[in-house]
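For reference, the structure discussed in these notes is given below.
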Amino acid sequence: MIKFDRVSKTYPGGQQALQQVDFHIEPGEMAFLTGHSGAGKSTILKLISLMARPSVGNVLINGHNLNDIKLSQVPYIRRDIGMIFQSHQLLMDKTVFDNVALPLVIEGYSRKQIQKRVSAALDMVGLLHKIQQLPLALSGGEQQRVGIARAVVNRPPLLLADEPTGNLDPKLSMEIMQLFEDFNQAGVSVFVATHDLGLIARMKYRTLTIKQGRMIDDGLNDQQDPLAEAPDLHDPNMPPVTKLPPKYTS
Amino acid sequence: MSLLFNGRTGDKTTRRVGFFQRVVMGGINHLRQALASLGELWRSPLATFMTIGVLGLSITLPSTLYLMVKNTEKVTAGWEEAGEISLYLQSGTTEQQAKQLLVAVSLMTSKIDDARLIPPDIALEEFETLSGLGDSLAYLDKNPLPYVLLITPKAEYLQPEPARRLLKELEQQSVVDFGKLDIEWLEKLYAIVSIAKDIVWIVAILLCVSVVLIIGNTIRLNILSQREEIAVMKLVGATDNFIRFPFLYTGFWYGFLGGLLAWMLVAFLLWWIQSGVENLAGLYQAEFTISGLDMQALGVILLISISLGLIGSLISVQKHIKEIEPS
């Protein structure tokens, strides 16, 4: 589904964000991407969603090289990718309905179809009763769920999430992750960037780790899992760890 | 349309729609967007009113000047038709000689439409009634006016140059003292009107450019104030065109409303001037109504102002929507 082929990215000003990154995520797979702030997680997501272009190397989605995509085609690529952000990126002066309907309006769906699909998407995230409210009236977790409803409303085959649980307490984070699991079980490929290692540990999905722009673990080889040194993280009764373990930061 | 995933189509395409229906749907969509833009303007009435006011005033000035020039032309066009040559005969001319000249001139049918002899006593009578100097003229002991031959040249001799040649020819006749062609002051008037026309054009062009700049800048501010919204729309796959149209419609409405305001202002100004013009025309014993502000003028004003609005917004939209990218 997503394939990075020796991708490097240097931002204007010489900051090297990614160096020779290689990985492949299969269709229908659910995977996590983890690493420090500034390690390159966001850059990887930006390269997938065409908010940035690689300096060297190729990014492929479903076998299509994104380097071949012209600027005018970028919007059509983004319609195939549901994107979820830590900062929600909701329109604060529009109702929940209008926010979730936006991708459908852009694609030119009929009014009836929009009604139906928005209701279905909001029902999935449990916010159907807030359909006419403004996002400002919702809690952080609810806003994030509105963002998720918007990302899935046109049923994209690929879901990207950038720190979707960044501002949420552990219980809400778990609920969000369970939503992602539901979508994944419905056949959607899900790729989540997060530094919430406790959450990742409880989910037991493939985890890719990036450090200073290099992929140090693509989650496939049987190497010692860097998280395995903190075994109590796997205990579901433990309070979730939202900070990086000291071992990891050193 | 999906570039990455073959066969991924939304429900919207499962039912095939005909070309006609798609055109209708597109039209309805555009109408909806246009009305949404109008609603957006309505939501900030003060700012909208100020922008429209500036546009209206900018368009009013050249429109009014244009109508004035047009009306001046209408007036002077009437004068040109009345181009007559007056031949004043020498003071000692007898009635016999004058009549002979009339016959001679009347025979020049290739150049002259009509010739009329005005004897001195009739000329004096006419002068008395028209000039209002009746009483003072009574003090004259003898009629000082000569015989006058009024000649209406054929249409092709009404232009300044041929008329002047005809005048020279007529002046060579015997007993003619001198001829008068009332064309020099007309030429001066034409020169003045033509300068006025140039000024109208210059003012119009300057103000039209300013209208484009005002609308461009207003739309630019609109775009920048919706920067985040635009970024979000781009994130979820909006094309530049999709984002562009609401702003183009805003420019359209600014132009339309500004043009409408301008038309009303011009109508008001003309109504104001009208009484003064009537007064002046009355002094010349004529009737004159300022014309030109009809439905056609409204159409032209609206067409121009809407075009200016679209040009202004197009410039802004082309430049700024590309710059906003999600990050």
Side-chain angles (χ1 to χ4, degrees), chain A residues 1-2 27 42 46 49-52 60-66 68-85 87-94 99-114 116-117 147 150-151 153-158 160, chain B residues 1-19 21-33 35-37 39-40 43-44 222 225-246 318 321-327:
Chain A
M1 178 58 74
I2 305 172
S42 295
K46 278 183 185 174
S49 58
L50 281 164
M51 285 151 75
L60 290 92
I61 300 181
N62 198 29
H64 295 270
N65 193 335
L66 294 189
D68 299 338
I69 300 295
K70 282 180 280 182
L71 200 62
S72 58
Q73 294 173 320
V74 168
Y76 302 100
I77 302 298
R78 290 192 182 140
R79 291 176 192 183
D80 289 333
I81 306 171
M83 278 182 275
I84 295 147
F85 307 88
S87 55
H88 322 312
Q89 303 276 15
L90 298 177
L91 305 177
M92 288 302 169
D93 56 343
K94 298 269 166 68
N99 268 287
V100 177
L102 187 60
L104 303 179
V105 173
I106 286 169
E107 283 195 60
Y109 280 74
S110 71
R111 223 174 174 68
K112 233 169 80 187
Q113 281 288 339
I114 292 175
K116 213 172 88 186
R117 286 209 174 190
R150 186 184 65 189
V153 74
N154 63 346
R155 296 175 198 157
L158 172 60
L160 294 183
Chain B
M1 181 168 95
S2 176
L3 295 174
L4 298 177
F5 301 93
N6 277 335
R8 177 174 120 78
T9 50
D11 285 356
K12 59 177 177 137
T13 47
T14 49
R15 243 184 323 137
R16 290 199 63 81
V17 288
F19 174 74
Q21 201 182 346
R22 251 182 305 159
V23 170
V24 170
M25 279 303 291
I28 289 172
N29 251 341
H30 274 272
L31 194 69
R32 199 179 288 156
Q33 277 188 331
L35 291 178
S37 293
E40 207 64 50
R43 239 159 283 158
S44 52
N222 278 3
S225 75
Q226 293 181 42
R227 182 176 264 277
E228 279 167 32
E229 191 169 345
I230 292 171
V232 170
M233 284 163 86
K234 284 198 172 183
L235 270 183
V236 297
T239 55
D240 280 3
N241 266 340
F242 181 87
I243 299 168
R244 229 171 249 161
F245 268 111
Q318 290 296 60
I321 286 192
K322 227 171 241 148
E323 280 174 1
I324 299 175
E325 275 295 327
S327 58

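Values reported hereafter were calculated over all heavy atoms of this structure, with side chains retained and with hydrogens, waters and symmetry mates removed. None of these values were measured; they are calculated from a predicted model. Just so we're on the same page: letters track the sequence lines, and every chain starts at 1.
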Side-chain heavy-atom pair A:Met83, B:Pro326 within 4.5 angstrom cut-off: no
NZ on A:Lys94 to CD on B:Glu229, rounded to 0.5 Å: 4.0 Å
Spacing of B:Thr239 atom OG1 and A:Glu107 atom CD [to the nearest 0.5 Å]: 10.5 Å
CG on A:Asp93 to CZ on B:Arg43, rounded to 0.5 Å: 9.0 Å
Region of A:Leu91 that comes under 4.5 Å of a non-hydrogen atom in chain B: side chain
Exceeds 12 heavy-atom contacts within 6.0 angstrom, atom CD of B:Glu325: yes
From B:Leu235 atom CG to A:Ile81 atom CD1, the distance as rounded to the nearest 0.5 Å: 11.0 Å
Option in A:Lys46, A:Met51, A:Met92 with maximal non-hydrogen atom pairs under 4.5 Å from chain B: A:Met51
Residue pair A:Arg79 / B:Val236: nearest heavy atoms and the distance that separates them: CG-O, 4.1 Å
Proximal component of A:Val105, with respect to chain B [non-hydrogen, under 4.5 Å]: both
